[in-house]
There are 4 protein chains.
Amino acid sequence: MNFMQKQDASSRNAVRPGRPRSVATQEAILAASLRLTERVGYAQLTIEGIAAEAGVGKQTVYRWWPSKAAVVLEAFARDARAVVKVRVTGNLEIDLEKFLIAAYRRLTGPRGVVFRSLLSEALINSDFAQQFYDEYLQSRVDDLKTVLSSGANEAEGFEVPAELVEMIYGAIWYRMATNQKLTPAAARQVAAAAVNLLRET
Amino acid sequence: MNFMQKQDASSRNAVRPGRPRSVATQEAILAASLRLTERVGYAQLTIEGIAAEAGVGKQTVYRWWPSKAAVVLEAFARDARAVVKVRVTGNLEIDLEKFLIAAYRRLTGPRGVVFRSLLSEALINSDFAQQFYDEYLQSRVDDLKTVLSSGANEAEGFEVPAELVEMIYGAIWYRMATNQKLTPAAARQVAAAAVNLLRET
Amino acid sequence: MNFMQKQDASSRNAVRPGRPRSVATQEAILAASLRLTERVGYAQLTIEGIAAEAGVGKQTVYRWWPSKAAVVLEAFARDARAVVKVRVTGNLEIDLEKFLIAAYRRLTGPRGVVFRSLLSEALINSDFAQQFYDEYLQSRVDDLKTVLSSGANEAEGFEVPAELVEMIYGAIWYRMATNQKLTPAAARQVAAAAVNLLRET
Amino acid sequence: MNFMQKQDASSRNAVRPGRPRSVATQEAILAASLRLTERVGYAQLTIEGIAAEAGVGKQTVYRWWPSKAAVVLEAFARDARAVVKVRVTGNLEIDLEKFLIAAYRRLTGPRGVVFRSLLSEALINSDFAQQFYDEYLQSRVDDLKTVLSSGANEAEGFEVPAELVEMIYGAIWYRMATNQKLTPAAARQVAAAAVNLLRET
DNA sequence: CCATAACCGAGACGGTACGTCCGGTCTTATA
DNA sequence: TATAAGACCGGACGTACCGTCTCGGTTATGG
């Protein structure tokens, strides 16, 4: 769960001597990392800056996270857990379109900047890519698969083809890296294509 | 064309006073930037390192490129121009599969590291995203469209749907950012899905 | 006192949060600056070189001193405080001659190189000239005045004429800037002239 | 004579093939070096700046002078040759006072900045110290000796004591390096002291 | 009158140091 | 033991000049 942090939950939750970890401080750091990423951009984001923004010592950040990417990932994933929702009605066309439009919209605006930052890091740091997948992307993939397989509930043991997920989410990332807006229209086109592909199978 | 450089082609080609730019130096820098990116990774790549590797003064790098991303992009794009080829036989299934397998293979191995670096930068720097598209990606998109539209030559004025390109190339980028190998099998699955979608239209 | 440093004594001696300044580091820097000035000369002296010689980060030098001149002045003045001594017997001729011969000798040899450096800087930087006077020269002027006025103790309220000090010390600086050795003979001649002038008054 | 320049007069005056040295350029460089020294100070003076100010290529400066100190010295000495004058009436008190007041005044104002620069350089560069003496100071010393010995014309073979020159000019340099104004009053006091010393002998 | 040669402006080049920023570690006092 | 503060060593930033070089072009002498 907390493998992004230097000490995992089990050892932290055990009763230990000394002053306990400050939850308020931890949350100040996570909030500051989101705020700063959105304000100045990931390249300009520094651990020093996060600490200052959170009103915290640098050491305190280093004690719990190994890098700025780890801090931002935890902050982003925690935020997503509270936000992302899946509704399935049984009508694949409508469900998928709604799901994708929501996803495209979520990634427009401030949080999109943070997401691009994480994706950017994942591309050049394979350890982080794994953490990014486990901490955040896995859940989104599960969400998508839930939607995609809801229309195929008659066929037991149906498995969503991997390349379909790759192509649907990949299409978002393509637009992100090519300066194109994540419009509802774009979402709709991808949704329609995905439905076509799924019917084919 | 050369807008990645601080001075564009027209003014550089004009007869100007002073010692002319050294071609050997320029090529040493570009070669060094590829070599170093592959060796130490983009995050560890520094202008200072490029200069040292090329046996060149730092200022000389700064004189012609504004950032490490710009150097690497020019080196990568120049290299790609010499390497990427498109063959069209008229058989869409086979042509597309061959095209994608070649693309997947090219992005495995050293050059893939460089490509990820550029993609990584494009995600957090929209100016660079534009340059990346203009200098490199545009051509790849044209290549793909050439292949995709070759099977539809009967229908005049046929236009490849934008989301198709997004989904095909996006699928590659998805695998890149999630630590998955770019296998020929993965390429084949995407190719097959793309053919299905194209037949549908 | 410590106005050569970026933070003055009062605020530094107060209990402040954070890791305190390292005395060992400070002394390594001062020692290195003398060593290097004597070895390579003031023009070739660099902050970078001082830091390297002291085994210290560049920033640590910049944190406490604003320029190489300031470092060298503090090192030189601190050293002088431990070395310069005045003996007064009441016999003006002998006292002055001894005093000047000692001064001439001290400024021959390695420390002379450092002194010339400071003088050189003072001539083209009037802020530094003030600091040089306050931190170092003032004491030497007092020493000289002590010697000069010791023979005139009968006359209460006797004041050494300013131009006398200027001419005595100026004679040293003249020889320094004209490649002439600071010989005991030269010291003796100036001492004799000074005694004559003083008797006249 | 011209040993400050890289090529001496004999070889330059000899008839040689090729385009001859441009006098206008040479004078533009000398004038620019004085102007810039007075404007920005010796520490901020650069060969590059001199070339730009003179509207000249850097190489042209380096072709004729080995360092910025050499340029400034030639410019300053040439200027002084046209300015400094000695008048001797036979009245030592008055002659010396007038001579020193003029010297003090000359070194106040812009040219004083240049003189301090040369003195500053001479203190840390003994080769330059020699050139400074030969090119400029020697003449001033001769001037001073002319004045000092004019009152002693009855005594044949009279030699001005070296330490007297050192003390008189040294007194000026002392004031320069200690941020004190070169006032006529200061000149008068030194003149009076010098006369006393001379009468003594 | 044209070849040869040196000069000149411009500016690229390999370097060195600048003064700053930040990374990651450490050492204080305090909680 | 955690924390805020901040000093520490180290490495890279992007810039300024150094002194050298290589262009096109200019101005002399001499064959």
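Hydrogens, waters and symmetry mates are skipped; everything else that's a heavy atom, side chains included, is used. Letters A, B, ... are given to chains in the order of the sequence lines, protein chains preceding strands, and every chain is numbered from 1.
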Completion exercise
In terms of heavy-atom contacts, Ala70(C) and Phe128(C) come closest through N-CE1, 4.3 Å

Practice task
Would you please confirm or rule out a distance under 4.0 Å between OP1 or OP2 of dG9(E) and any side-chain N or O of Thr25(D)?
Solution key: yes

Exercise for the section: Could you list the residues that satisfy side-chain contact (heavy atoms from CB on, under 4.5 Å) with Ser120(A), not counting sequence neighbours? Expected result: Ser120(B), Leu123(B), Ile124(B)

Handout entry: Under-4.0 Å side-chain N/O to phosphate OP1/OP2 contact, Arg16(B) with dC23(F)
Key = no

Exercise for the section: Could you tell me whether the phosphate oxygens of dA4(F), OP1 or OP2, come under 4.0 Å of any side-chain nitrogen or oxygen in Thr60(A)? Expected result: yes

Handout entry: Nearest-angstrom distance from the residue atom CH2 of Trp65(B) to P of dG14(F)
Key = 15 Å

Fill in the blank from the handout: Residues at least two apart in sequence or cross-chain that pass side-chain contact (heavy atoms from CB on, under 4.5 Å) with Ala28(A), listed by chain then number, are Ala54(A)

Practice task
Please tell me if the side chains of Ile29(C) and Trp65(C) come closer than 4.5 Å, counting only heavy atoms from C-beta onward.
Solution key: yes

Considering only distance and modelled atom types, tabulate donor-acceptor pairs under 3.5 Å from the side chains of residues 40-47 of chain D, sequence neighbours left out.
from	atom 1	to	atom 2	distance (Å)
Tyr42(D)	OH	Glu121(D)	OE1	2.7
Thr46(D)	OG1	Gly49(D)	N	2.8

Practice task
Quickly work out the Leu36(C) CG to dT16(E) P distance and round it to whole Å.
Solution key: 17 Å

Problem - Gap between atoms CZ and P, on Arg21(B) and dG14(E) respectively (whole Å) - result: 11 Å

Handout entry: Below 4.0 Å: OP1/OP2 of dC13(E) and any side-chain N or O of Trp64(B)
Key = yes

Protein N or O to nucleotides 16-18 of chain F N or O, pairs below 3.5 Å:
from	atom 1	to	atom 2	distance (Å)
dC18(F)	OP1	Ile47(D)	N	3.0
dC18(F)	OP2	Ile47(D)	N	3.4
dC18(F)	OP2	Glu48(D)	N	3.0

Exercise for the section: Please confirm whether any donor atom in the side chain of Arg19(B) sits under 3.5 Å from an acceptor in the base of dC23(F), or the reverse. Expected result: no

Handout entry: Whole-Å distance separating the CD atom of Glu27(B) from the P atom of dC13(E)
Key = 13 Å

Completion exercise
Atom CZ of Arg63(B) and atom P of dC13(F) are separated, to the nearest Å, by 17 Å

Handout entry: Whichever of Pro20(C) and Pro17(B) has its nearest DNA chain F nucleotide further upstream toward 5'
Key = Pro20(C)

Practice task
For Arg35(C), check side-chain contact (heavy atoms from CB on, under 4.5 Å) against everything at least two apart and list the hits.
Solution key: Ala31(C), Ala32(C), Arg39(C), Glu53(C)

Exercise for the section: Using atom CD1 of Ile50(B) as one end and atom P of dG15(E) as the other, report the distance to the nearest whole Å. Expected result: 16 Å

Handout entry: Integer-rounded Å distance: dC22(E) C1' and Tyr42(A) OH
Key = 15 Å

Exercise for the section: Go through the structure and list residues passing side-chain contact (heavy atoms from CB on, under 4.5 Å) with Glu27(D), not counting sequence neighbours. Expected result: Val23(D), Arg78(D)

